[in-house]
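Model, not experiment: these values are computed from the prediction.
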Amino acid sequence: MVDTDSGWDGRGGRGRRGARDTRGAHAADAIPNLRVAAPNLRVASPDRRTALPGRRAAAVSLVALAALATGCGPGTATGAQDASPPVRPTQAAAPSPTRTAPVTDDAKPRTAPPPPSPSASTAPPAPAPAPTTARPAPEPSTAPPPRVLMRTGSESDRVRELQARLRQIGHFGRNPTGYYGSVTADAVRSFQAKRSLPVTGSTDEVTWQRLLAMTRVPKAAELRPPTERPVAAPDERCLKGRVLCISKNSRTLAWMIDGKVVSAMDVRFGSEYTPTREGVFEVFWKSRDHVSTLYDTPMPYALFFSGGQAVHYSADFAANGYGGASHGCVNVRDKKKVAALFDQVRTGDKVVVYW
């Protein structure tokens, strides 16, 4: 009988267990003899056929680690063609400086600007704004201003004509007096402003020529009307003799001889604090170039009839009209008329002041 448990199969040798152990010893002896050569790695084994698969895998792993340590790519070991390819590392190696990867949108630097779109490349460039040229500042005019012909304070027949012409076109609302006062200056300013002329209130050559072109030559009645207001019916005390008949109601003075009006003129009177006295008087003194000693104001062509009250020319009345008042005297604003009156009136002639 054959003993199956003794491990001997009857062939004169040990069983397969012993043979397996011998081949394992050969594999173990081969591990120290592994050699790594660069650049080609070769793995020598006394008996490649007897090397166990597990030992062979361990040897290949050692070769791969040695190759990575030297910086070279994994190669194929000679004499180990039946070895499985080495496992590639999971981390990709850095690209060679001389080799460039294909350019894709993802590979472009983030800082690089995107390529222009076809529509942008074909669109014409926006036109550049036209350069703006600053306009030079206007140079100041070197022409001399027009010559002034009449201004405030002037007194002449030309001023009278100026006033009559301004009245024709509605800028002067009273009878001409021949004196250039504030009322006349305001009328000239109104005319200049409406015609887009420099508004000065003085009548220069340009203003005068424009006014002449727009108006006609004034008639005598326009230049020297009897009064601005209608002459009042004379008081009965004025109907006989030579009388200065002065009406406070109509604010007129009529020089009358035997009931006939020789001349008439506008007058104004004193204020409520310095009223002009009423009644019948006579001229007791004439003073051509009189100056008031009380108020230090001129009183030309003065005809005194009651104390310090007199009929005389007033430049203020000529300039400002009825906006003011006298200190009790009878003011006349037409200088030529009162001058002619002064020459005609005699000392002793009657003066009647009434409402």
Side-chain angles (χ1 to χ4, degrees), residues 134-231 250-253 263-269 271 297-301 312-326 331-340:
R135 295 183 179 178
E139 297 181 359
S141 175
T142 56
R147 183 169 61 96
V148 175
L149 304 178
M150 293 166 277
R151 57 167 55 91
T152 301
S154 300
E155 189 173 6
S156 64
D157 286 341
R158 179 181 269 185
V159 173
R160 188 181 294 274
E161 182 182 354
L162 168 70
Q163 293 167 337
R165 287 180 180 271
L166 288 171
R167 185 172 184 175
Q168 289 178 14
I169 54 178
H171 288 279
F172 191 77
R174 58 184 59 184
N175 288 338
T177 63
Y179 179 80
Y180 204 119
S182 62
V183 175
T184 305
D186 289 342
V188 172
R189 288 190 189 94
S190 174
F191 174 80
Q192 291 171 330
K194 191 170 184 179
R195 271 74 191 177
S196 300
L197 298 173
V199 180
T200 62
S202 299
T203 304
D204 54 35
E205 291 178 334
V206 175
T207 302
W208 179 243
Q209 291 301 323
R210 181 70 64 86
L211 181 63
L212 292 180
M214 296 180 63
T215 55
R216 55 177 172 75
V217 177
K219 298 178 180 179
E222 294 176 299
L223 292 172
R224 287 179 171 82
T227 59
E228 182 180 329
R229 301 172 180 274
V231 178
S250 65
R251 294 187 285 189
T252 58
L253 181 154
S263 64
M265 54 204 75
D266 297 324
V267 294
R268 74 176 182 182
F269 307 97
S271 66
T297 55
M299 298 171 59
Y301 308 108
H312 67 85
Y313 169 73
S314 169
D316 180 75
F317 181 31
N320 300 313
Y322 291 100
S326 73
N331 291 160
V332 182
R333 65 179 173 188
D334 192 322
K335 193 173 185 179
K336 282 197 171 183
K337 284 187 175 182
V338 72

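- T215 and R165 form a side-chain donor-acceptor contact under 3.5 Å, judged by distance and modelled atom types alone.
- With rounding to the nearest 0.5 Å, the separation of OG1 in T297 from CG in D316 is 9.5 Å.
- A donor-acceptor pair under 3.5 Å is formed between the side chain of S182 and the backbone N or O of A319.
- Here the closest non-hydrogen pair linking V231 and T252 is CA-OG1, 4.1 Å.
- Considering NE2 of H312 and OH of Y301, their distance stands at 13.5 Å, rounded to 0.5 Å.
- Without hydrogens or angle criteria, N320 side chain to G323 main chain gives no donor-acceptor distance under 3.5 Å.
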Would V267 and N331 satisfy side-chain contact (heavy atoms from CB on, under 4.5 Å), going step by step from the backbone distance to the final call?
-> CA-CA 5 Å; V267 294; N331 291 160; over 6 Å; no
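- The NZ atom of K219 sits 6.0 Å away from atom CZ of R216, with the distance rounded to the nearest 0.5 Å.
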Could you check M214 against R195 for side-chain contact (heavy atoms from CB on, under 4.5 Å), going step by step and ending with a plain yes or no?
-> CA-CA 11 Å; M214 296 180 63; R195 271 74 191 177; 2.7 Å; yes
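- The closest side-chain heavy-atom distance from T207 to F191 is below 4.5 Å.
- Side chain of E161 to backbone of P218: no donor-acceptor contact under 3.5 angstrom is found.
- Between the side chains of Y179 and S154, no donor-acceptor pair of N or O atoms lies under 3.5 Å.
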Does the pair R167 and E222 meet the rule for a salt bridge (Lys or Arg N to Asp or Glu O under 4.0 Å), with working shown?
-> CA-CA 9 Å; R167 185 172 184 175; E222 294 176 299; over 6 Å; no
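- Taking OG1 of T203 as the start and CZ of R210 as the end, the distance is 13.5 Å to the nearest 0.5 Å.
- Y180 contributes no side-chain N or O that, together with a main-chain N or O of S156, makes up a donor-acceptor pair within less than 3.5 Å.
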Step by step, work out the side-chain contact (heavy atoms from CB on, under 4.5 Å) result for R268 and R251.
-> CA-CA 6 Å; R268 74 176 182 182; R251 294 187 285 189; 5.7 Å; no
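- Going from atom CH2 of W208 over to atom CG of L149 covers 8.0 Å, rounded to the nearest 0.5 Å.
- The closest side-chain heavy-atom distance from V188 to M150 is not below 4.5 Å.
- Side-chain contact check for T177 and D334: no donor-acceptor pair (N or O, by modelled atom type) lies under 3.5 Å.
- Using a 3.5 Å distance cut-off with no hydrogens or angles, the side chains of N175 and R224 do not pair a donor with an acceptor.
- Checking side-chain atoms of Q192 against main-chain N and O of G201 turns up a donor-acceptor pair under 3.5 Å.
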Q163 and L166: side-chain contact (heavy atoms from CB on, under 4.5 Å), yes or no, with the steps?
-> CA-CA 5 Å; Q163 293 167 337; L166 288 171; 5.7 Å; no
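- Separating the CG atom in L253 from the OG atom in S263 is a distance of 7.5 Å, to the nearest 0.5 Å.
- A salt bridge does not link D266 with K337: every distance from a Lys NZ or Arg NE/NH1/NH2 to an Asp or Glu carboxylate oxygen is 4.0 Å or more.
- Side-chain polar atoms of S202 and T200 form no donor-acceptor pair below 3.5 angstrom.
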